[in-house]
Structures are given as C-alpha cells and as structure tokens.
2 protein chains.
Amino acid sequence: MSDHQQQRTSSPPSLSGDALPPLEQHARQYETVRNAHETELIEDYVELIGDLLRHRGEARAADIASRMAVSQATVSKMIRRLNDLGLVTSKPYRSLFLTEEGQKMAETSRARHNVVLHFLRALGVNDSTARIDAEGMEHHVSDETLAIMQRFTEQQNS
Amino acid sequence: MSDHQQQRTSSPPSLSGDALPPLEQHARQYETVRNAHETELIEDYVELIGDLLRHRGEARAADIASRMAVSQATVSKMIRRLNDLGLVTSKPYRSLFLTEEGQKMAETSRARHNVVLHFLRALGVNDSTARIDAEGMEHHVSDETLAIMQRFTEQQNS
DNA sequence: CATGATTGTTAGCCAAGGCTAAACTGTTTG
DNA sequence: CAAACAGTTTAGCCTTGGCTAACAATCATG
C-alpha cells in the first residue's frame, strides 16, 4: 500500500511557470466557458438564419443543414428548440423567420463575429484561417476584449 | 405578431455586409468548431491535472472538482474516460498521474493557453478578463494564429 | 483503534446535440 | 393529374457531460 508518488515534488513555483489562479477565480473561468457553450450553438443557428434571410430572402432547413454540415433531422429538432425559445417563427414545410428577439440576437452575433474576423485579418491572419478561428472564438470573447479588438482593427486600417 | 418580413428584401450584397462564404468553406468552419468541442474538455482536464501536479505534487479528484466547479461524481466519471483514453493512470482513492501522452497533451495545452493569455494582456486586456477569455479561446485558435499572437506579444514586450 | 469527516465511486437520472430510417408534404413534370 | 423527387418532420437510438443520492474507502484524531 505504499504510496508511490514519484516525488517530483516540491516543484518550486518559480520554476514551474505561472501559479495556479485562486480557486474562486479558476472556478469562474470554467463556469464562464460552460455557460458560453450552452448558448453558442443557439447563436450560431440564429446568426446563420439571419444571414440566409438577408442574403437569400429565405432560410430553409435544407440550407442550414448543408451549411452546418449536419443532417436535416438535426436541424429540424433544433428549429423546434429555437421556436420554443421564441427566437424564430416557423410553419411546417415553410421558410423560417426570426422573431424580434431573434433578430436582435442575430444582429449582435453578426457584429461580434465581424469584429473578431476583421481583427484577425488586421493581425495578419490568412483569410480562410481567420474565418475558421473567428467562428470558434466569437463566443468566448468578452465585451471588453471585443472593444479592444475593434480599436486595434480601426487603428490598423487608418 | 403578423408583420412578417420587414421588406429588407432583395438585399443587395453591397448593402448587406459580407457575403455568405461558399458552402464548402462554411461547412468546414462549423465542423472545425464541433471537433474542437469534442477535445476541449479533455484537454482542460489534462491541463489542469498537469498544473496541479506541477504546483502541488499531486492531483486529487476533489481539487479538480472544486477548481472546475463541478461535482466529484462528474470528475470521477471523467477520470475513467481519461484513463480509457490512455491519458492518465489512476488507482482508486489515490492521486492521479499523467501518462507520457497525457503529459505531452498537458504541455501543449499549457503552452497554447499561455500564448493566448499573454497575447491578450499585451493587447491591453485586464488580467482577470484575459484569464476568462483565454480559457474559452485557447481551443479555437489555429496554429497559424497562435504563431502570430506569439510574435505580437514578443514585439510588444521588447 | 474506533469512529467521524473527508474523499472517491457507483447507480441512475436528465438535457443537448448528433445520427439513420421511415413517414409525410409540397412541387415539378411527363 | 399522377408519379417522382425534393424537402421536412418524426421516431428512436447513441454519446457526452452534467447532477444527486447512496455507498465505500481512507485518514485523522480523541
């Protein structure tokens, strides 16, 4: 029953990089990320629906499915959820529309997305990489950071 | 409720912001994000275990649970998964250790995390915000962008 | 050294977000 | 105008990642 436990011990903090954040703060970090994950997908759908409406005049489930690379059944299920959340109005077998709340969310998401995307390009990231990274990052950037990104981009472009 | 469709219609692309990306590219963006989500949590656990080992000499389930703000049962279940994936070795009721592969993952994650964190600080983001944002962003930053962030940070600090 | 506190595990529940297969609707066209 | 096809929905399944409650092991300590 002896403890093993490689005594790799006593690692002096000075040699082992940044210290652990205080417990409370650390916990808050993870919680924030978990919360973001809950809304992330919803926002992506709403944003995409908004984009389809703006660019195509309609948003069909099939388009969403192919753009998201997901099955139509998955989209259908998600639409019901969006409906229940009061973000879209849908009549069976017809195009979707956003409720007022949905439009607000789409607008906000699109704005965030664009700030991040333009920021990455201003930083010097290749366009197609920037698109991919922006898609992943947009939901994890605080308002504070977003504002800084925007300022940075503007300075770069002047 | 029936005022459908602000006829914002026929939106000329020039007025409606960036065009939709070509379908294939668009689909790849979402796929990349979905894939990131699958490994994200795993990496967070492994990274945290690595940090606990470095700073404390041991990684107990209770510590992980409180730092992640998650129940012990959740941690216990996750540890079995990490075990199955060959990332940690665990004997019941004992501290965890990382396998060689786990250590590699922890190292890589930690490095990414630090690059993003230091980049955000160099950009001018407040420390506690930077920590939160870094936690969320780290899994969505491509190698290309990461390299650019690192260069930027170094220039800033010179 | 017994016992209570702490820590870890197991069982069983739930929601989210995927999937395929099958059923249904709407549209196009022969 | 009927049949075929494209689009949509439903049913039912799976995995992940949470949770609580009950139980088990370990550890401190009176």
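The sequence lines fix the lettering, A, B, ..., with proteins before strands; numbering per chain opens at 1. Not measured: the values here are computed from a predicted model.
Note: CD (Glu58(B)) to P (dC27(D)) measures 10 Å, nearest angstrom. Residue Leu82(B) contributes atom CG, which lies 12 Å from atom P of dT9(C) at whole-angstrom precision. One can place CD1 of Ile42(A) at 15 Å from P of dA15(C), the figure rounded to the nearest angstrom. One atom, CG of Asp84(B), and another, P of dT15(D), lie 13 Å apart when rounded to the nearest Å. As a whole-Å value, the separation of Glu43(A) CD from dA16(C) C1' is 16 Å. Here the C1' atom of nucleotide dA25(D) and the NZ atom of Lys91(B) are 16 Å apart, to the nearest Å. In this entry the distance linking CD of Glu38(B) with P of dA16(C) reads 19 Å, nearest Å. Nucleotide dC5(D) holds its P atom 20 Å from the CZ atom of Arg60(A), rounded to whole Å.
A chain of hydrophobic side-chain contacts below 4.5 Å, direct or via other Ile, Leu, Val, Met, Phe, Trp or Tyr residues, connects Val125(B) to Leu146(B).
The list of salt bridge (Lys or Arg N to Asp or Glu O under 4.0 Å) pairs with a residue in residues 129-151 of chain A, not counting sequence neighbours, reads Arg112(A)-Asp143(A), Asp127(A)-Arg131(A).
A salt bridge is absent between Glu107(B) and Lys104(B): the closest approach of a Lys/Arg side-chain nitrogen to an acidic carboxylate oxygen does not fall below 4.0 angstrom.
Of the possible polar contacts, none joining the Arg67(B) side chain to the Tyr30(A) backbone as a donor-acceptor pair under 3.5 Å is found. Judged by distance alone, with hydrogens and angles left aside, the side-chain atoms of Ser95(B) form no donor-acceptor pair with the main-chain N or O of Arg60(B) at under 3.5 Å. Side chain of Thr99(B) to main chain of Gly86(B): a donor-acceptor pair is present (N/O by atom type, distance under 3.5 Å, no hydrogens or angles). Side-chain N or O atoms of His113(B) include none that pairs as donor or acceptor with a backbone N or O of Ser109(B) at under 3.5 Å.
Nucleic acid contact for Ile79(B): none, since no nucleic acid atom lies under 4.0 Å from a heavy atom of the residue.
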Close N/O contacts between protein and nucleotides 25-29 of chain C (under 3.5 Å):
{"unit_1": "dT25(C)", "atom_1": "O4'", "unit_2": "Tyr93(A)", "atom_2": "OH", "d": "3.4"}

Check: protein-nucleotides 19-22 of chain D nitrogen or oxygen pairs below 3.5 Å:
{"unit_1": "dC19(D)", "atom_1": "OP2", "unit_2": "Ser71(B)", "atom_2": "N", "d": "2.9"}
{"unit_1": "dC19(D)", "atom_1": "OP2", "unit_2": "Ser71(B)", "atom_2": "OG", "d": "3.0"}
{"unit_1": "dC19(D)", "atom_1": "OP2", "unit_2": "Thr74(B)", "atom_2": "OG1", "d": "2.8"}

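Side-chain contact check for Arg110(B) versus Arg54(B): some heavy-atom pair is nearer than 4.5 Å.
Across Thr32(B) and Ile132(A), no two heavy atoms sit closer than the pair CG2-CG2, 3.5 Å.
Each of dG18(D), dG8(C), dG7(D) was ranked by its minimum atom distance to the side chain of Tyr45(B); first place goes to dG18(D).
Side-chain nitrogen and oxygen atoms of Arg80(B) include at least one within less than 4.0 Å of the OP1 or OP2 phosphate oxygen of dT10(C).
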